[in-house]
Structure formats: structure tokens, C-alpha cells
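Working notes, structure below.
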Number of protein chains: 2
Amino acid sequence: MTNKAITIIDIAKLLGVSKSTVSRALKDHPDISNATKEAVHMMAKQLKYKPNAVAMSLRHKKSKVIGLIVPTLSPFFFPSVIHGIENEVNKRGYNLMILQSNESYEREVRNVDILQSNNVEGILVSISRKTEDLSHFTSLIEDNTPIVFFDRIPKSIQADMVLVDDVLGAFTAVEHLISIGKRKIAICLGNPNLLISSNRLSGYKKALKKHSIEINEEFIITGESSEEAENETKKLLELTNPPDAILAISDLTMSGIMKAMYAKKIKIPEDIAVIGFCEDTFSQMYNPPVSTIDPMGIEIGKIATERLFQRIHENNILEPKTINLSSRLIIRDSTKI
Amino acid sequence: MTNKAITIIDIAKLLGVSKSTVSRALKDHPDISNATKEAVHMMAKQLKYKPNAVAMSLRHKKSKVIGLIVPTLSPFFFPSVIHGIENEVNKRGYNLMILQSNESYEREVRNVDILQSNNVEGILVSISRKTEDLSHFTSLIEDNTPIVFFDRIPKSIQADMVLVDDVLGAFTAVEHLISIGKRKIAICLGNPNLLISSNRLSGYKKALKKHSIEINEEFIITGESSEEAENETKKLLELTNPPDAILAISDLTMSGIMKAMYAKKIKIPEDIAVIGFCEDTFSQMYNPPVSTIDPMGIEIGKIATERLFQRIHENNILEPKTINLSSRLIIRDSTKI
DNA sequence: ACCGGTCGTGCAACCGGTTGCGGTTAATAA
DNA sequence: TTATTAACCGCAACCGGTTGCACGACCGGT
């Protein structure tokens, strides 16, 4: 947009009318005669007139832009969410502005400022690990900006939340493992600061408790990176009494776990069954394809966006609501006995 | 931004000065006395004043926004590219507006309009499969909007292009297979309309030719989806004279190929070696981890963005240039004899 | 000939900043 | 004391489109 774009003023001059007339003609205002309307439309087409969204945004304070803040764009989860979001946003004639916080509190605050500056009509956020102080969000809410949190949600704030029921998800996974006869069930956690870790862990414990299986602390390992997960899993496999099933908390940990399994030539699922929280696409890449509790990335994006637009259209007067999606269990060969 | 945000006018009124003074004070203009500057800054901080990016964008026609059009946001390639792009864009204090064309020509045209309307300062594009007519891009270029194409580039247009040398990539892959003693080398293509398919195919052929290996048409298969790739690979494996190596053209085809390998209990790499064009992260998920010609998603995004900013900063007067990244070969167990 | 009402259009203010230019004040030089 | 000038600041136009209001032309009815 470096060159002079043509404006309604150009059309007005060429037609010898005022710019208000052009403006009204373009939006089919009843005040304008058909003759004038046609002339304006013709001219607009001819000059390839494109309305200036920035000017309109300034005028009505509606930018037709939705802001998104995610901690990272690295695989696997957030790109899927974005996919779900973009579909919905685009469907409504809105556009999406994406910002990464890179797990930094300062950048998250700055990103909120940027989105405010750009007059976005609503914001979707998954907060960074470091975020403790929530004042940048509370002030947004006080300013009456529609906002929906998803996945990485803040603990104490009055706002819409969209997430999957991780406790239930882990519970379901573990019950499934039990149902195929496994009882020595391990879990590989990811970053302990994330709510998903503690939630999934508690679902895991809940299921064991329900089935009167004692919790073995040796079976609870942590792998923030794929390598770490791989190493920890190897240690697990070397225990005198190793597990007969393992639950991976993320795509990344699953990747490490499966490497360890291959290295130790474990038979899946006979020796050890494997299940994880993996995107459908990725869960099928393993040998055998792994059973999974779908983390529902696309779905989360879709639902969060729908809720955001509900807020936008109803003047943001809705009661804050937490939407708990229940993730679905997909059974594949890694748990088929 | 539904509520009244505070503006320089609010500050001006409270301080009993004009808005021009506030404006100048905020940007440290020498005309303004230190006393006034301090007062303004204090008040701005106190009221949590946030400059209105939209108004500024309207004024100097600089939006600080970069537009991105991709065919899809589904895994695997484009999310990586976006990751690379966002890092660079953000680093420069710019923001990113993302649009999907969903492989539709009409949506691509519409997306270009949207970006123009939003006064983006530059555009990054990977074109849709359906795009034949390029007039929406040529008119952009005539309007002097900085633009850089990447990966899916149009054939005949004068503009910057960033891509990996696919011919060389495939050539390298095949030579690597030959170097470990394979000679019956198959290739699984993806969508035949994509330039990467024909380029990688020609690199494949070139390498075979160089080593005087006859091209076997039976060894050239196509799998647009993972399932199709799986089925075609199975057929391949049932040939009376099956290949001893296979080159996968994408993550998706690799996924299908590996499934077929597992199903047929092929030993990798002894029976058949496998190599693909896979993202590093994903190539390690297989058993064994597969060798790969890195498609350099993040890198492409980075380079394309750097080039775009070069254009933006140098008033778009650069000669169009095609940047050919050479992808690197990563050798893993799937080709280690 | 006068009044009221429609129809079509233009004027000007507005959104929130930026900026050229001109004006006011006080300090300094002549 | 007066002219000069630097230091500070305000006016108003501008970016591109929107919109309340007024205005002129034209019509029919009395």
C-alpha cells in the first residue's frame, strides 16, 4: 500500500458529486437516486476502489479484527487451535492477528497493549507459564473488551474459559488401560507448572483409586522435552518391576516414550500398552498407531471463537462461563489386546 | 475496546493544554518544555494511555502490520513457516495478520483485498493450488506493495521468491540412498499440481540418471493423503520386484508409507530404506527415526520475512530476487546401513 | 401565489492522532 | 527603551470514510 490508493474522494471528483454522496451510494442508502448509485458503482469498479478498512475502523471503532495470544507457535497443540480459530473468524468476515508471548509475562502484557492499540474487537488468549499477575487482563475486562481464555487459563479471573476436561480425559485413559487388563500404569508428565499436568495427574490418580490400585510414585515421571521423556522412560523400563502401561501427557512426551520403547524393543501393547494426549494426525504416525485422548485443538479453537463472537454480538453482557469439552478416546493398536 | 479508551484529548483537557502539545510531548519533540513533557508523561501513565494504532495507521499510512496468506493451516508445513515468520515480524515491532485461502482462488483474491484494505505494509504469500490468474498479485505489485512469495510460488511473475531447492533436495536424497547401496529407488509424490512434486521428481530422476539407473515408472507413485500413500505403497511392496528404498515427498506421504511398512513388516533400512521431506520434529517420531531432507519451514519463514522487511525499508525499489535455500540432509536410522 | 412535503444532495463535524505554520511571551541584545 | 529572537504552544488541516442536519428543487393541494 505504498502508492496512492484511490478513495471515495477520487470517485466524487470524477463524478462531480460530494464524497458523502459517494459514501452513501456505495452502501445503497435510500436517499441516493438510482442514477447516481449506478454511476458511483460503475466508477468504483472501474477504478478498482477498495474501501479503507483503517479509516472505517477509526470511525466506528470496529476493526473486524480478532486478536490471538498464544505462548508459542511450535508444534503440536497451538497450530491446531489456530487452525480452528481462523476458520471461524474468517467465516464471519473477520480477520485474525496473531501474537506469541514466548512464555514471557512481559511480552504477554505488551501483546495485550498491541491488540488494544489496534482496536481488536475481541481477544483469545492462552496465557504464558510465567503469568502470575493478571492485571493486564482484568483491566481489559473492565474496559469491556470481549475476551475468552482457552487451554492455559488463569486461575482466578471472571471470564469465559474453554478447555477440555483433563481430569476426565486422564481418568478415561487410565480406565481404558485397566479395562484391557493393565494395572501397573505409569504416567509421563510434562511441564509441572502447567495446569494440564496437575489435572491429568489427578485424573490418573482418581482412576487408580477407583480401581483400588495403589499409586506407585516411581511410575510418575516427568519429561519436558522429548529427550527427557525418552531418558526417564528408559529408567522406568529398567525398574525391577516395570509398568505394563504408560500414559503420555503430550505429543512431545509421547515422542520420547515411543523412542524409549523402540530402543528397548518393548512389544506394544503386549508388554506395555501406550496411550497419550496426542493430536489425531500425529498419533497415527507411530508404530503401532497409538491410542489417544484427543486434545481437541481445532475444536477448542472453534468453540472459543464461537463464544467470543457471541460476546461480541451481545455487547459483552454475558455471564462468564467455563466450557468444558470432553475429549474423546480414540482406540488404536497400542492398547488393543 | 468497547468502552471509551482514553485519548490524547483527555490528557490535554486535564492538563489544560492542546492536543498537539500532548502529541509532541509524548514523542519528545524539542519544542515542548521539560516541565510540560513530564506533566504529560505522568498523566499518560496515570490514565494508562494507549496510543490508537488505527488512527496513526490512517495518518501516515503505516499500519505496522504484515499480511500472510497461506493455502492451509493444517499440519505440517505451514504452521512451521508461520512460526518462523512471527518471530521475525514481532522482533521488528510489527504484527502479523494471517489469512487462509483454503486452496481457493476466490478466497485468495478476497484475502489480497482484505490485506490491502487493512493497509498492511507488506505481504507474504504462498499461493493456492487453483491459482492460475495472477492479476490480483500483479496489481499489488503495480501498487508498489512489498510482496514476497514463498514455497508455493507463481511461475511467471516478477517478484521476490523464497524456496528450497527441491530439485537439489531430492537429488541429494536419492544420491544418499545410492551411497548406501540402494538402486531400486521409489518415490511417492503428493499433489501433482504442486511445483514441489515436479521439482522433487526431477531431482529424483536427475540423480538416477547420473548414476545410470534406469527409471522404473512403477516406482513412481502418488499419495495425496496418508491413506492413499499407504495403499499405493502396499501395492509397491507387492510387486514381484519391489524397491529397496523409497523417498517420501512430504510428511503426509511419509506417514502413509511408514504405515505400509509396518503392516508389511518391512525391515528398515535393511529391506527398504526410507527418506523423506519431513520436519525435523516429526521425522523423529517414527521407528526408526527417518532420514530427511529438512523442508526448512521455519527457515523459509524467517528468510522471506527478512527479505520483505528489506523491501519495506528500502522503499520497495529492490530488484526481484529468488532466494533458493539449500535444504540439509539429516541422516537417521532409516538409511543407516 | 402560498404552504407543506419529498427527494436528492452537500456541508461540516467526527473518529484520534500528526504536523506546518503562526502567535505569544519573556529573555537578550542594541 | 526598543528591536530581536529563542522557547513554547495552539490553530487548523489532514488521513478516508460516516452521518446528522440543512438546503434547494420540485411537486401537489388549497
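In the text below, chain A, chain B and the rest are named by the order of the sequence lines, each starting its count at 1.
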(message) Tell me the interatomic distance from A:Asp10, atom CG, to D:dG17, atom C1', rounded to whole angstroms.
(response) 13 Å
(message) One character per nucleotide, please: for nucleotides 8-13 of chain C, 5' to 3', B when the base has a protein heavy atom closer than 4.0 Å, S when only the sugar-phosphate does, - otherwise.
(response) BBBBB-
(request) Figure out the CG/C1' separation between A:Asn119 and C:dG16, and round it to whole Å. (result) 10 Å
(message) Heavy atoms from C-beta onward define the side chain here; which of C:dT18, C:dC15, D:dG17 lies closest to that of A:Ala55?
(response) D:dG17
(message) Quick test of your reading: applying salt bridge (charged side-chain N to carboxylate O under 4.0 Å, His left out), list the pairs with at least one residue in residues 153-163 of chain A, sequence neighbours left out, ordered by first then second residue.
(response) A:Asp160-A:Arg307, A:Asp160-A:Arg311
(request) Sort and list the pairs that fulfil salt bridge (charged side-chain N to carboxylate O under 4.0 Å, His left out) and have at least one residue in residues 34-51 of chain B, not counting sequence neighbours. (result) A:Asp113-B:Lys50, B:Asp28-B:Lys37
(message) Applying a 4.0 Å non-hydrogen cut-off, can you work out what A:Thr7 is touching in the nucleic acid: base, sugar-phosphate, or nothing?
(response) sugar-phosphate
(message) Please report the distance, rounded to the nearest Å, between NZ in B:Lys13 and C1' in D:dG10.
(response) 16 Å
(request) Identify whether the distance between the nearest side-chain nitrogen and carboxylate oxygen of B:Glu299 and B:Lys302 falls below 4.0 Å. (result) no
(message) Taking the basic N atoms (NZ, or NE/NH1/NH2) and the acidic carboxylate oxygens, is any pair closer than 4.0 Å for B:Arg152 and B:Glu103?
(response) yes
(request) Whole angstrom is fine here: how far is it from NZ in B:Lys61 over to P in D:dC14? (result) 14 Å
(message) Measure CE/A:Met56 against C1'/D:dC15 and give the value in whole Å, please.
(response) 15 Å
(request) Give the rounded distance in Å between these two atoms: NZ of B:Lys50 and P of C:dG17. (result) 12 Å
(message) Expressed as a whole number of angstroms, how long is the span from A:Leu58:CG to D:dT19:P?
(response) 13 Å
(request) Tell me yes or no: between the side chains of A:Ser135 and A:Asp133, is some donor less than 3.5 Å from an acceptor? (result) yes
(message) For B:Val54 versus A:Asn118, what's the shortest heavy-atom pair and its separation?
(response) CG2-O, 3.8 Å
(request) Could you state the atom-to-atom distance from CG of B:Asn52 to C1' of C:dG16 in whole Å? (result) 6 Å
